[in-house]
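Note sheet for the following structure.
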Amino acid sequence: MATDGGVYVDDLGSRSLLRLVSFCVLLAGLCEGNSVEKKIYIPLNKTAPCVRLLNATHQIGCQSSVSGDTGVIHVVQKEEDLQWVLTDGPNPPYVVLLEGTLFTRNLMQKLKGRTSRIAGLAVSLAKPSPASGFSPSVQCPNDGFGVYSNSYGPEFAHCREIAWNSLGDGLAYEDFSFPIFLLEDENETNVIKQCYRDHNLSQNGSAPAFPLCAMQLFSHMHAVISTVTCMRRSFIQSSFSINPEIVCDPLSDYNVWSMLKPVNTSETLEPDDKVVVAATREGDWGLPRISIFKVYLPCLVCRAQLDSRSFFWNVAPGAESAVASFVTQLAAAEALQKAPDVTTLPRNVMFVFFQGETFDYIGSSRMVYDMENGKFPVQLENIDSFVELGQVALRNSLELWMHTDPMSQKNETVQNQVEELLTILEKSGADVPTVVLRRLSRSQPLPPSSLQRFLRARNISGVVLADHSAVFHNHYYQSIYDTAENINVTYPEGQSPEEDLNFVTDTAKALAGVATVLGRALYQLAGGTNFSHTIQADPQTVTRLLYGFLVRANNSWFQSILRPDLRSYLGDGPLQHYIAVSSPTNTTYVVQYALANLTGKVIDLTREQCQDPSKVPTENKDLYEYAWVQGPLNSNETDRLPRCVRSTARLARALSPAFELKQWGSTEYSTWTESRWKDIRARIFLIASKELEFITLMVGFGVLVFSLVVTYCINAKADVLFIAPREPGSVSY
Amino acid sequence: MTAAVFFGCAFVAFGPALALYIFTIATEPLRIIFLIIGAFFWLVSLLLSSFIWFMAATLTDNKGEPRQRDLLIFGVLISVLIQEMFRFAYYKLLKKSSEGLKSINPGEKAPSMRLLAYVSGLGFGIMSGVFSFVNTLSDSLGPGTVGIHGDPPQFFLNSAFMTLVIILLHMFWGIVFFDGCEKKKWYTLLVVLLTHLLVSALTFISPYSGLNLVLAYIILVLTGIWAFFVSGGSCRSLKLCLLCQDKDSLLFNQRSR
């Protein structure tokens, strides 16, 4: 009986425990973000973390521990304030709130390795941008992956001739063992500073009284050591696990390209079809974000860089390093398409916008790889000449410099072709008053550019147009300050967004001049003669593009040129140009659709026909790309007038060939990967003194012991205390 | 180190309940069963009141701050009413089952209604304490503490003591309530209901003044004294007990079977 009872009770007890636990779990789940939590924490919503990136040999970036790093906040406004953090302060570890102007390599070196006293770093944006310039990139960007090496042009390798980004301090390529966050919102920064002033300021250097204001930063990274290691770990997992835990992803996106005259994408060109390539980069990196936009003209190749980066993840405004050049190229493409005899030109023109160029030329190396392996309609042999736009927005006194490669010009044929190319450019520039084209010494090497990757594969005649003759004019190369202000894109106050969109800035006029030169040069390079003077880039197009990419992506013009399902990609701020791992990114799509709308034709197809044009006998999907775009608002501004745009603007994968070939330790191709993470967030709160915590614990113990003793006594004497009523049937206790 | 706060608060809130459980409940299987059934009844009452609250919230469908507060006050009133209804239902159930228990086990003596009142009251108290405090307790694990918006830092300790009051009060209410039912003194039921409402209303007073805690403890002491007398205690027995004269008592001899 007793045993039975025991079992019964145990069973019931465990069941009720189970029930209790599941209820508690349910309750905890329902009450996430409950009011008590709101009393304790203030989440910081507008932050950008520094994340970990890896290449074949190194890891760069930052990370926190798994459960986040907590430290007492200390505001550092001048360098002397660091004394408190590093030696004097009695409550380590500290989270340093650093003024943007102090965020330099020198200061970071002092903090590095002091993990016992530094839990993390929050950096506020400097306003205005630091006057002395700031570039977290290295002095020699993409060193080792360009055309010059110790065996080929050793005098030019490792930027021996010119340190292109002379302000670069390499901060973005350092590895930090504590988390670093950028505070993007001034209001949040002020909340933190107020909390610091209220709780952490002490009188005359004594220890401040508890409770103290603290910050917790979560940015734990899954990948370590190098791409070789993390890709191997992911690969082993994915080969046998149903649910693999991937730890890092290759940086990849899409290049955008189009042809002046459509080519059949299911076949490759004949060797004697010549193409001029115009190129630029699509992205750029601010602190941890990276992307580059490159544009190429095929057969004449024209290219621009699409991406950029900065120290912080997904903060890559890249105004000068990417946006200005690809916007110029878009305007040139539009202008060239308008020439009346484009369809009869002897050569074709290919516009390419390269993505990921900031990270050791991901986009261009992939395109060269695809061309070599016949996976791209245009072959390397088809490239007649190559025109690349570098950084073009910060010209001194109208000068546009033409950079050429000294090594390939040792071959006389190439030298003659380059000479011809420069002459054509100079001729096209002669009639444009706002641009003066200048030659450089023939012995000066190329700046970091996609052309270098093409020269690596084949000697072609090419030129890079840039605003700088030697070191970059851009003082904020690949930094968070490379914004619209950096290239003087500003608007009069008190205008509506719609007025801003159509306001032609001086920068837009200057870039339209460059686009005109480029358009005319490409026209002549393609063999055109008659209508060179009619080609004129539209400053209105340039200013709208600049506004959309640098100020406000969610504007009426971008809305009208995008597919309806991409509408949500446009935010109220500028577009970021980090290449990222989930592709295509917003920038890539917007560039593709801008290119499609600027160079394409509106054709009369229904929505169904537009989405599947193979059923329409007059259309050909191999030649053209069809896009159903939202279209402009109708006259009473209520509905949109959607339409079908036919163009040759396409995407081409920009994933480094190193990952295609599974050569994760490659020195030939880019090997950059981005670590995965679960949770990135930051919050501030107060931490209690050890004394208060100890008192709470002691009170708890006191109550427990007291109640145990009292209960025992009362229970022992219950029969004395509680006299049973004399009731029949009930038993006294 | 914030684990210290967690354990401190947990011991304050649930220490007495734990002690009572160890020494008076865990000794007999039947008492554990009645305790758990009591806790279950409280849960069902919470379920019902949350249904009503949810319906009211959906019907009014107003996100305004004052409306939210009105809704909360309404919810508390309804919840207290339903809890007391379930206490009565539990009493009825025990009444029936004690007959049944006797017939199943004629050899054993069924527990007294007074004991059952205590056990069920503790069951109600533990469950309501857990529900009111578990979320706060999980937040006390840190790393942060209350105060960034200007609230005083003793929030956790205050909440723990408030939970303790609720648990003990439920126990005393159980004893008084069942006694009222047994003796058909229906006014006691009303008093229990009113004090329950009063204590619940006290939680609406800002928890930082400490006023609500003081008032709650006054009510606790008064209810405790009442429960003491109801359950057969008297000044004389208390005196006997405190003077350790229990051996002289005849009652002791009675008990030693």
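The structure presented is a predicted model; accordingly, all values stated were derived computationally and were not measured. The sequence lines fix the lettering, A, B, ..., with proteins before strands; numbering per chain opens at 1. The analysis underlying the following values was restricted to heavy atoms, covering all of them including side chains, and did not include hydrogens, waters or symmetry mates.
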Looking only at Leu692(A), Val703(A), Ile714(A), Val709(A), most heavy-atom pairs under 4.5 Å shared with chain B are made by Val703(A)

Ranking Asp198(A), Thr70(A), Leu686(A) by heavy-atom pairs under 4.5 Å to chain B gives rank one to Leu686(A)

Let's test your reading of the structure: which of [options] forms the most heavy-atom pairs below 4.5 Å with chain A?
options	result
Thr145(B), Leu18(B), Val12(B)	Thr145(B)
Gly150(B), Ala10(B), Ala19(B)	Ala19(B)
Ser237(B), Ser231(B), Pro143(B)	Pro143(B)

Would you mind reporting whether [Y] and [X] have side-chain heavy atoms less than 4.5 Å apart?
X	Y	value
His149(B)	Ile42(A)	yes
Cys9(B)	Thr696(A)	yes
Cys713(A)	Phe23(B)	no
Leu704(A)	Phe7(B)	no

Residue [X] versus chain A: region with a heavy atom under 4.5 Å:
X	answer
Phe228(B)	both
Phe161(B)	side chain
Ser159(B)	neither
Leu20(B)	both
Leu157(B)	side chain

Q) Would Phe155(B) and Val36(A) count as a side chain to side chain contact (heavy atoms under 4.5 Å, CB included) if you check the C-alpha gap in whole Å, the side-chain angles of each, and the deciding distance to 0.1 Å? A) CA-CA 10 Å; Phe155(B) 174 82; Val36(A) 178; 4.0 Å; yes

Measuring from atom [atom1] of [X] to atom [atom2] of [Y], what distance do you get when rounded to the nearest 0.5 angstrom?
X	Y	atom1	atom2	value
Leu708(A)	Ile22(B)	CG	CD1	5.5 Å
Ile684(A)	Ile148(B)	CD1	CD1	4.0 Å
Phe6(B)	Glu693(A)	CZ	CD	13.5 Å

If one checks every heavy atom of Ala688(A) against chain B at 4.5 Å, the contacting part turns out to be both

Contacts of Asn91(A) meeting side chain to side chain donor-acceptor pair (under 3.5 Å) (sequence neighbours excluded), chain-then-number -> none

- prompt: Do other residues, nucleotides or ligands put more than 12 heavy atoms under 6.0 Å from the CD atom of Glu186(A)?
  reply: no

Are more than 12 heavy atoms from other residues, nucleotides or ligands located less than 6.0 Å from atom CZ of Phe229(B)? yes

